[in-house]
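Everything below concerns the one structure shown next.
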Amino acid sequence: MKKLLTICLMLIIAVGMFAKDYRVQSPNGKLSITVSADKQLTWQVAYQGKTILAPSVMSVDLGSAILGKNVKVRKASTRRIDETFATPVYKKAQVRDCCNELTLDCKDGYQVVFRAYDEGAAYRFVINRYVDKLHHEQVEFCFADDHKALIPYVYTTDRYVTSFESLYDEQRLSEMYADSLATLPMAVCLPDGMKAVIMEAGVRDYPGMFIKKGEGNCIVGEHAPYVLEEKRVGRDLIPTKRASYIANGSNGKLPWRVVLVTENDAQLLDNDMAQCLSEPCKIEDTSWIRPGLVAWDWWNHTNITGVGFRSGMNTPTYKYFIDFAETYGIPYIIIDEGWSDADDLFTINKEIDLEALIDYGKQHHVDIILWCTWRNMMKDVDKTMQHYAAKGIKGFKVDFFDRDDQRVAQDVERIAACAADHHLVLDLHGYKPIGLQRMYPNILNIEGVRGLENTKWEKRVGNAPEHDFPRNDVIIPYLRMLSGPMDYTPGAMLNATKDHFFGSNRQPMSQGTRAHQLAMYVVYEAPLQMLADSPSKYLKNLECTNFISRIPTVFDETVPLCGEMGQYAGVARRKGDVWYVGILNNWEPRDIELPLSFINGQKRAEIFRDGINADKEATDYHRLFRNVTCEMSIKIHLAPGGGWAAIIR
């Protein structure tokens, strides 16, 4: 069978070489890539004979030459990839990488590699010689019709400076704002409920890609120019002078340009292409990497009650956090901004005895992660990590990257490698996943999402919040989560309906129900998953706290259950022989029926569902137990902004 497949692929290539066209199909034969190599290199993608991408141009401008123009193919070859690799920090224990690959070896010292997966298509340029300056990469996604799309625009003064926390505008391709950039991933709504999702993967030593409106129904890529000069503005480093090129040299392997194709939205809840298209793990022994929950201070403003000391950025407060973490088996606490001088990570706040806290944590089996800015970390990353690792700190939350140029990509990889050398885990904020988490699984989480922190300053317009968080909450599992884990920071114990919600910095709340917050711990991928609220609030809500504390942050298996982008999302995840189920809803009340065919035999389910009055009082929930079997289906009512969560053992 393998020999027959190889012969068929060779025939396709041979015919293509004569016509300067090449074709490769996915393993199941549904998806095909057609490449034209002549005066201009283009690709097009079809699914079951229907055009997804019309011919779309690709090229790379090196200044001295433009790769992808006047193409001369010296050799075309194909291969079948079918391998499985372990994933120590992921939503499943192993990933299967299965695709058919076409490589065009071109004159002028470069290759273009195309991969056809059952789930989507991808290509990348590989430059086999030294590149001094890379001036421009032409990336184009031309669709067959004027489809609707979900577009995460960048709304900032400097179009390349963003924390990657955009919401999603719904527009037709022709209606896209011509003067605005958007971040990735981005969804295009095809006929019959299908979706095409544009993303990138395997970014190394290279700027990340933004997208913008092109001609007709085309979307084109844009990259932040190379930064020549910058200045400090608050916690950020803001570029003040940029070059005319986007990269000052590179490792030769440009990022993968990816189009996912799905027949239904739920398929996106278990997609592994970002992992498959990333570089293999560089850490030989990953046994020291410890994923898990973390008690966090910043969102809850260190508001603790019933104690005999003044809470805040001080030693007694963090001992209280450590005691709470130990009680519920939480492996980490984070000490956020304020533990050190704003400009010197070696000058510690006098109210904090850090060494005493590290020792106290060791006694209680709780480790400490420290917050810092990217700017401060890069003053001397080796010295900083060596110093604090020697003291017993177990990780850093590095914040305020807020950029996506080549300099930042280089720094992130350097931080990841240095942290791995010192057995430190990382949580990156103000940044988006680019594929490094497979190479460096000590990167446990990456923010880059419109998360719970934004509710602290959320405004109201009339009787409704300015931003619809429950709708956003059921978009990001389908889009943002495709590229990697996300630090949404769930766990609010003060929950509000749309009418009752208001932003509060000191007493923050969430939009939607209590069950909605609990379900996030299953639906959202976050190997380092926050408990954002105050330990005091968790101690007053023990049923919910006990439930959250028993949900793992990495799993052996993931099964997408149900959902529709922007409407609702349901996922089941298995760790050992225990299943964890979460369903999130938008503001529309909804009744669904959930088959339990993913479990084996008879089990006992602990369920948290929206209470009968959750549409009026969002903290209302109902906890129940019931025996279940794989032949059963459960009828579920989801309140506005509601949720449903279960542990089945």
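Under the 6.0 Å distance and 45° angle rule, K432 does not count as a cation-pi partner of F401. Judged by the 6.0 Å distance and 45° axis criteria, R450 is not positioned over the aromatic ring of Y168.
Judged by distance alone, the side chain of R124 and the main-chain N or O of P255 form no donor-acceptor pair under 3.5 Å. Judged by distance alone, with hydrogens and angles left aside, the side-chain atoms of Y488 form no donor-acceptor pair with the main-chain N or O of I476 at under 3.5 Å. Distance alone, capped at 3.5 Å, places no donor-acceptor pair between the W457 side chain and the G503 backbone. In this structure, N454 contributes its side chain and G451 its backbone to a donor-acceptor pair below 3.5 Å. No side-chain donor-acceptor contact under 3.5 Å links E140 to the backbone of G214. Not one N or O on the side chain of T51 forms a donor-acceptor pair closer than 3.5 Å with the backbone of A46. Side-chain atoms of R438 come within 3.5 Å of backbone N or O of Q275 as a donor-acceptor pair. Judged by distance alone, with hydrogens and angles left aside, the side-chain atoms of E101 form no donor-acceptor pair with the main-chain N or O of V113 at under 3.5 Å. Side-chain atoms of R471 never come within 3.5 Å of backbone atoms of G566 as a donor-acceptor pair (strictly under, hydrogens ignored). Between the side chain of D146 and the backbone N or O of S174 there is at least one donor-acceptor pair closer than 3.5 Å.
A salt bridge does not link R232 with D236: none of the charged nitrogens is closer than 4.0 Å to a carboxylate oxygen. Under the 4.0 Å criterion applied to side-chain N and carboxylate O atoms, D399 and R235 are not assigned as salt-bridge partners. With respect to K69 and D38, no salt bridge is recorded, no charged nitrogen being found less than 4.0 Å from a carboxylate O. A salt bridge links R257 with E200: the distance from a Lys NZ or Arg NE/NH1/NH2 to an Asp or Glu carboxylate oxygen falls below 4.0 Å. Residues E222 and R159 are paired through a salt bridge, judged by an N-O separation under 4.0 Å between the basic side chain and the carboxylate. Electrostatic pairing of D343 and R375 counts as a salt bridge here, judged by a charged N lying under 4.0 Å from a carboxylate O. The existence of a salt bridge linking D405 and R407 is excluded, since no basic side-chain nitrogen approaches an acidic carboxylate oxygen closer than 4.0 Å. Checked for salt-bridge contact, K92 and D272 meet the test: a charged N lies under 4.0 Å from a carboxylate O.
Here OG of S483 is found 10.0 Å from CE of M481. Values are rounded to the nearest 0.5 Å. Summarising the geometry, atom CD belonging to E447 is positioned 8.5 Å from atom CZ belonging to F400; distances are rounded to the nearest 0.5 Å. Considering CD of E564 and CG of N586, their distance stands at 9.0 Å, rounded to 0.5 Å. Taking CG of D487 as the start and CD1 of I446 as the end, the distance is 10.0 Å to the nearest 0.5 Å. Within the model, atoms CG of L436 and CD1 of I443 stand 5.0 Å from one another, a figure rounded to the nearest 0.5 Å. Here CD of E453 is found 6.0 Å from CH2 of W296. Values are rounded to the nearest 0.5 Å.
Taking each heavy atom of A569 and V523 in turn, the nearest pair found is O-CG2, 4.4 Å. Annotation for N442 and A420: closest pair ND2-N, 3.3 Å, computed over non-hydrogen atoms. Looking at every heavy atom in both residues, P207 comes nearest to V203 through O-CG1, 4.2 Å. When all heavy atoms of P185 and R480 are compared, the closest pair comes out as CD-CA, 4.2 Å.
Remark: aromatic rings of H422 and Y388 are distant, center separation not under 6.0 Å. Ring centroids of W43 and Y123 are separated by less than 6.0 Å, placing the two rings close together.
Q138 and S59 are linked by a side-chain donor-acceptor pair at a separation below 3.5 angstrom, with hydrogens and angles left out of the test.
Using a 4.5 Å heavy-atom threshold, the side chains of K383 and F346 count as touching. Side chains of L184 and I198 form a contact here, defined as non-hydrogen atoms less than 4.5 Å apart. In this structure, Y47 and T262 have side chains that are not in contact, with every pair of non-hydrogen atoms separated by 4.5 Å or more. Y226 has its side chain out of reach of S244: every pair of non-hydrogen atoms, C-beta onward, lies at least 4.5 Å apart. Under the 4.5 Å side-chain criterion, counting only non-hydrogen atoms from C-beta, M199 is in contact with L260. In this structure, the side chains of E230 and I238 stay at 4.5 Å or more apart for every pair of heavy atoms. Side-chain contact between I127 and L62: present, with at least one pair of heavy atoms (C-beta onward) separated by less than 4.5 Å. I81 has its side chain out of reach of C98: every pair of non-hydrogen atoms, C-beta onward, lies at least 4.5 Å apart.
The environment of NZ in K379 is crowded: more than 12 heavy-atom neighbours from other residues, nucleotides or ligands sit within 6.0 Å. In the displayed structure, K253 atom NZ is contacted under 6.0 Å by at most 12 heavy atoms of other residues, nucleotides or ligands.
Less than 2.5 Å separates the SG atom of C218 from that of C142.
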Pair E525, K91 - check salt bridge (charged side-chain N to carboxylate O under 4.0 Å, His left out), show working.
CA-CA 7 Å; E525 294 172 32; K91 62 188 176 187; 3.3 Å; yes

Test Y117 against D97 for side-chain hydrogen bond (donor to acceptor under 3.5 Å, both in side chains), laying out the working first.
CA-CA 9 Å; Y117 288 86; D97 185 4; 2.8 Å; yes

What verdict does the side-chain hydrogen bond (donor to acceptor under 3.5 Å, both in side chains) test give for N70 and K39, after you've listed the backbone C-alpha separation in whole Å, the side-chain angles of each residue and the deciding distance to 0.1 Å?
CA-CA 4 Å; N70 298 315; K39 292 182 179 179; over 6 Å; no

Under the side-chain hydrogen bond (donor to acceptor under 3.5 Å, both in side chains) rule, what do Q406 and D205 come out as? Steps first, then yes or no, please.
CA-CA 6 Å; Q406 187 189 31; D205 192 21; 3.3 Å; yes

I'd like to know whether Y206 forms a side-chain hydrogen bond (donor to acceptor under 3.5 Å, both in side chains) with N251, so could you lay out the CA-CA distance, the side-chain angles of the two residues, the decisive distance to 0.1 Å, and finally the verdict.
CA-CA 8 Å; Y206 199 79; N251 66 12; over 6 Å; no

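Residue M530 forms a side chain to side chain contact (heavy atoms under 4.5 Å, CB included) with just one option from I334, L452, N445, and that option is I334.
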